[in-house]
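Computed from a predicted model, the values in this text were never measured in an experiment. Just so it is clear: chains get the letters A, B, ... in the order the sequence lines come, proteins before strands, and each one is counted from 1.
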Amino acid sequence: MAVCIAVIAKENYPLYIRSTPTENELKFHYMVHTSLDVVDEKISAMGKALVDQRELYLGLLYPTEDYKVYGYVTNSKVKFVMVVDSSNTALRDNEIRSMFRKLHNSYTDVMCNPFYNPGDRIQSRAFENMVTSMMIQVC
Amino acid sequence: MEGLTLSDAEQKYYSDLFSYCDIESTKKVVVNGRVLELFRAAQLPNDVVLQIMELCGATRLGYFGRSQFYIALKLVAVAQSGFPLRVESINTVKDLPLPRFVASKNEQESRHATSYSSDSENQGSYSGVIPPPPGRGQVKKGPGSHDAVQPRPAADQQEPASPVVSPQQSPPTSPHTWRKHNRHPSGGNSERPLAGPGPFWSPFGDTQSGSSAGDAVWSGQSPPPPQENWVSFADTPPTSTLLTMHPASVQDQTTVRTVASATTANEIRRQSSSYDDPWKITDEQRQYYVNQFKTIQPDLNGFIPGSAAKEFFTKSKLPILELSHIWELSDFDKDGALTLDEFCAAFHLVVARKNGYDLPEKLPESLMPKLIDLEDSADVGDQPGEVGYSGSPAEAPPSKSPSMPSLNQTWPELNQSSEDTAIVHPVPIRMTPSKIHMQEMELKRTSSDHTNPTSPLLVKTSDLSEENKINSSVKFPSGNTVADGYSSSDSFPSDPEQIGSNVTRQRSHSGTSPDNTAPPPPPPRPQPSHSRSSSLDMNRTFAVTTGQQQTGAVAHPPAVPPRPQPSQAPGPSVHRPVDADGLITHTSTSPQQIPEQPNFADFSQFEVFAASNVTEEQDGEAEKHPEVLPTEKASDPATSLRIAQADGKIEEKTAASVPANVSKGTTPLAPPPKPVRRRLKSEDELRPDVDEHTQKTGVLAAVLASQPSIPRSVGKDKKAIQASIRRNKETNTVLARLNSELQQQLKDVLEERISLEVQLEQLRPFSHL
């Protein structure tokens, strides 16, 4: 259901970005890039320590006429950005949260791999499988 | 590599080619030289040939087993058709023409139009060899020609042990056979645990060198152990240099040889054993892995940290990406460290990858750390240490299971305790708001104990405690403890109990809780208990009192229009005996009224009693009262009510002189709390003891006999009504509070439900994957 999923590192460079290839992927890249500003704004607005999971989930960052962009930030300032199609029967907030939770779990698994150097692009097959499942989504 | 599916024609062709190459008549492996010649005859460039050999697994094994050979042939066909040489293409490319080998067979010559390769010598040698095959070559003639079957059996007889026969004869099983057999090469073939990491790693370098046709490769490797592998159908002698992984297949091979008719059964058996698992770890391998593990981590039950493992596996010179993938597969519990099981799995995968096998997407079952006892293969004994690790990844689930039984145990305990205590303990009740609530709870409990063992109270209190509403939860358990010393209430604050009560709540929510939580208000009235005791009372009272009290009853209609208090709806039945005692002669209306207004009945009785007290001598009353008082503890609700009223009256009397009717009128107002309290209290006391009913009824009868007429009671009824109104209001507030709390619980439960649904949806895609 997600159209594009991106993992952005703390320094705001992408660790992983993937979108459904139907559309111009560049557009999604731009959307993700612009959403980073919104994410930073939300983070600074929060102020206090981001401990609670609710605070990790940023919610709807901004909507466009076709898409909605959701954000999620971890305690280490790694950001997950998800673009979903607006025409999709509105996904419930809980669903988006669960998707981010899955992303976070998979990202943690990637991190645990000693062969993964933080800062590298994420090439884990398990991670990709999980993202694929989220993008193709429920049958 | 995946299994190989061959058409009938392909099978015949391949088997013939195999036999052709099998000049040593080993029936299991073909001579490399002959195979090489054959491949060169296929007119493929050398690098393609090399690639084919690598893909089919011969480079790993150092020889051509039947399955390797077949795969190689298929790959030749693929290459000749112009498709890219990939492992997947073996099965994906449909309608592949049979591979063409120049001059290998007469029919092939006729088929292929390409010119000869430069191997004219080979051709010569081939032609020399051809004659025997032609017999089979004819067989291979056309894909559709089955007349080949006859020469086939002939050829088969030449090779009686050739398992090829059986598949041919039993086409349905053959594809499976081949597929499975070919799976062996596709499975992992691990390098034999050689002496040390040095020689261990070096062959890898050799295999990867991709040197000329395989000779260098094959020569570079030490003789392998007996081949048990592969294609288990072949009892090839141990010519392979690499490790095999199927110890069990050897026996199968011998059996296969025996009878053609039995081959199918053997095939099946072989299939089952060979199907077992290319990823299985043999004993030697395992031992080697364990030794390697010890070099890093002496404690076999310990972990290898990620960094150490990274260094170790980096020595294998595999690309980091692949090592990363191997790690993902083998670190089952995702903790960044490797247990012995995980280490062996990782090592095995590395070995397999080194030997050219593609890494699986998912960890093969035989490599999975033994969480639960699913191991059923022969390797169970090989992995004794796994039992110790069984808990590691599965810590979460097993931890839950022990907790659950404990929860289950606590839950019935709560019930029993509550029930026991409910029945046994008298309940001191004070009419304070919180206490009223407690009373309600107790009443509910008591009533529910009778009605429903799953005590809505338990549910409710558990809910409250779980939701961390300290206020409410503290109130109730404390109230409970104060009220009746329920052991269950003591347990509520504890976490396991809360979890248990969570369980109970969930359970109760599943089916009964809505029913239980919704209706608490009605049951809270003491009357349910009253009803029970009242039934007893009725039995006794009616039995006893009918004779005695009729006279007195006739004398008094006092009764009153029992105006029912809402909280005492069931009470009527309770009071009925009371009324019946004193008011048997009441018209039918009064008994009917009584059910509606039990409280008023109480008060009427009270008033009557008061009146009677007034009329009677105080001494007599005093005598009766003390008499009555001790018996107050008895279970008779009705009588105790009156007794309570009498008590109130007594207090009144003691306080003042004989009150006039006016004062009597007022008295009901003053003591209403007390009588109510006593009444409520007595409800609990009532049940257990019934023997004193007769005494009370007798007393009551006497009392009632002297009760005033109806008009006086009517006058007092107004005050009684007001008192009851006050009581009702109190009850209302209590119930309203209960309602709000329950609403909150409901919201929380709904939230939980939503989250569970989300989780369910979360898991659903995985089920589809």
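Using a 4.5 Å cut-off on side-chain heavy atoms (C-beta onward), A/Asp109 and B/Glu328 make no contact. Residues B/Val758 and A/Arg92 have side chains in contact (heavy-atom distance under 4.5 Å, counting atoms from C-beta outward).
The part of B/Ala309 that comes within reach of chain A is its backbone (N, CA, C, O), which places non-hydrogen atoms under 4.5 angstrom from that chain. Residue contact with chain A, scored on non-hydrogen atoms closer than 4.5 Å, involves the backbone and the side chain of B/Leu323 alike.
Between chain A and the residues B/Gly306, B/Gly336, B/Pro305, the most heavy-atom pairs under 4.5 angstrom are made by B/Gly306.
B/Leu763 contributes atom CG, which lies 9.5 Å from atom OG of A/Ser98 (distance to the nearest 0.5 angstrom). Taking CD of B/Gln762 as the reference point, atom CE of A/Met134 lies at 9.5 Å (rounded to 0.5 Å).
Sequence neighbours left out, the pairs with a member in residues 110-127 of chain A that pass salt bridge (Lys or Arg N to Asp or Glu O under 4.0 Å) are A/Arg125-B/Glu361.
Within a 6.0 Å radius of OH in A/Tyr62, more than 12 heavy atoms belonging to other residues, nucleotides or ligands are found. Surrounding NE2 of A/His29 are more than 12 heavy atoms belonging to other residues, nucleotides or ligands, all under 6.0 Å away.
Counting all heavy atoms, side chain and backbone alike, B/Ser307 lies closest to A/Pro114 at N-CB, 4.4 Å.
Listed by chain and residue number, A/Tyr16 satisfy the ring pair (Phe, Tyr, Trp, His ring centres under 6.0 Å) test with A/Phe127 (two or more places apart in sequence, or in another chain).
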